[in-house]
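So the structure is just underneath, and the comments pick up after that.
Each residue takes its place number in the sequence, starting with 1.
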Amino acid sequence: MRVAFSFLVAGGLAVSATASSGGAVSGQSVDHGQMGQTWSIAEPDLLSVIKARLDHAAATGKLDQMNRQFAEKVKARVMRPVPVSGISPAEETRSWEFDPSIRIDKDIRDHKGNLIAVAGQRVNPLAAAALSKKLLFVDGDDPAEVEWAMKHGGDARAKIIFVDGSPFELMKAHQRRFYFDQDGRLTSYFGIRRTPALVEQRGDVLIVTEQAIARKGRGA
């Protein structure tokens, strides 16, 4: 019994072999010619392409235009940050207690190695440092909310935090500091969903109040 088989190898050569029942194998190589046209890999350097495009943009003045547009966008975003999502005007007044205590994951020691808190212990930061100022959360584009916040005192007594609007514009008008709740971190932390809102300390807890106020065109 004779079995013939063939297979391809690199270089476009076909090798064939014939096996007999006695185990003898005969083989020969056959040149079938070029299997296909080949091309050298010619890929431009990415950095060179980028540099060429930047050079072209600089030569045509487009680069300066792009820089100006970028600077204007950054300035606009700083002057008026992205509003905190999910916040709406308070239509009714509600208050709740907020416990800022945290559970310690591992022992805490001072610089001398003295144990301050042990792992698993609950620690209330208000026991070490009181909330020095009231926190007032308002929509900076709502004059009624800003006026309500201003009545709680100056910079020494209250910190006014915007969830919308431009703190910088009102700084000039009122000659005091205003802040912004970037990414809604504070309102999310305290669970605030309506403004204006007040956070103040009472003993070892914080009291959070969403306050319904009189607004233009409607009552409190």
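Side chain of Asp183 to backbone of Arg185: no donor-acceptor contact under 3.5 angstrom is found. One N or O on the side chain of Glu210 and one on the backbone of Arg194 form a donor-acceptor pair closer than 3.5 Å. With hydrogens and angles disregarded, no donor-acceptor distance shorter than 3.5 Å links the side chain of Glu145 to the backbone of Glu147.
Counting heavy atoms from C-beta outward, Arg215 and Pro89 have side chains that approach closer than 4.5 Å. Side chains of Pro100 and Leu126 form a contact here, defined as non-hydrogen atoms less than 4.5 Å apart. At a threshold of 4.5 Å between non-hydrogen side-chain atoms, the residues Ser88 and Arg193 do not count as touching. Residues Leu170 and Val146 meet the side-chain proximity criterion, which asks for heavy atoms closer than 4.5 Å. For the pair Arg103/Gln121, no side-chain contact is recorded, criterion being any heavy-atom separation below 4.5 Å from C-beta on. Between Met171 and Arg176, the closest side-chain pair of non-hydrogen atoms is not below 4.5 Å. Here the side chains of Glu200 and Leu206 are not in contact, with every heavy-atom distance at 4.5 Å or above. Inter-residue side-chain proximity for Ile116 and Asp107 is flagged as unmet; no heavy-atom pair is nearer than 4.5 Å.
Residue Arg177 places its CZ atom among 12 or fewer non-hydrogen atoms of other residues, nucleotides or ligands, all under 6.0 Å distant. Within 6.0 Å of CG on Asp105 lie no more than 12 heavy atoms contributed by other residues, nucleotides or ligands. In Arg122, the CZ atom is crowded: over 12 heavy atoms of neighbouring residues, nucleotides or ligands sit closer than 6.0 Å.
For the residue pair Asp181 / Thr187, a side-chain donor-acceptor distance below 3.5 Å is found, with atom types taken as modelled.
There is a path of hydrophobic side-chain contacts, each under 4.5 Å, that joins Phe168 to Met150. In the hydrophobic cluster analysis, where Ile, Leu, Val, Met, Phe, Trp and Tyr join through side-chain heavy atoms closer than 4.5 angstrom, Ile192 is grouped together with Leu131. By the criterion of side-chain heavy atoms lying less than 4.5 angstrom apart, applied directly or through intervening Ile, Leu, Val, Met, Phe, Trp or Tyr residues, Val205 is not grouped with Val199; the two fall into different hydrophobic clusters. Hydrophobic clustering (side-chain heavy atoms under 4.5 Å, transitive across Ile, Leu, Val, Met, Phe, Trp, Tyr) keeps Val208 apart from Ile102. Ile207 and Leu135 fall into different hydrophobic clusters, where Ile, Leu, Val, Met, Phe, Trp and Tyr side chains are chained together by heavy-atom contacts under 4.5 Å.
Applying the ring pair (Phe, Tyr, Trp, His ring centres under 6.0 Å) test to Phe190 and every residue at least two apart in sequence or in another chain returns Phe98.
In this structure, CD on Glu169 lies 11.0 Å from NE2 on His174, to the nearest 0.5 angstrom. In this structure, NZ on Lys159 lies 7.0 Å from OG on Ser132, to the nearest 0.5 angstrom.
A centroid separation of 6.0 Å or more is found between the aromatic rings of Phe162 and Tyr179.
Annotation for Ala212 and Thr93: closest pair N-OG1, 3.1 Å, computed over non-hydrogen atoms.
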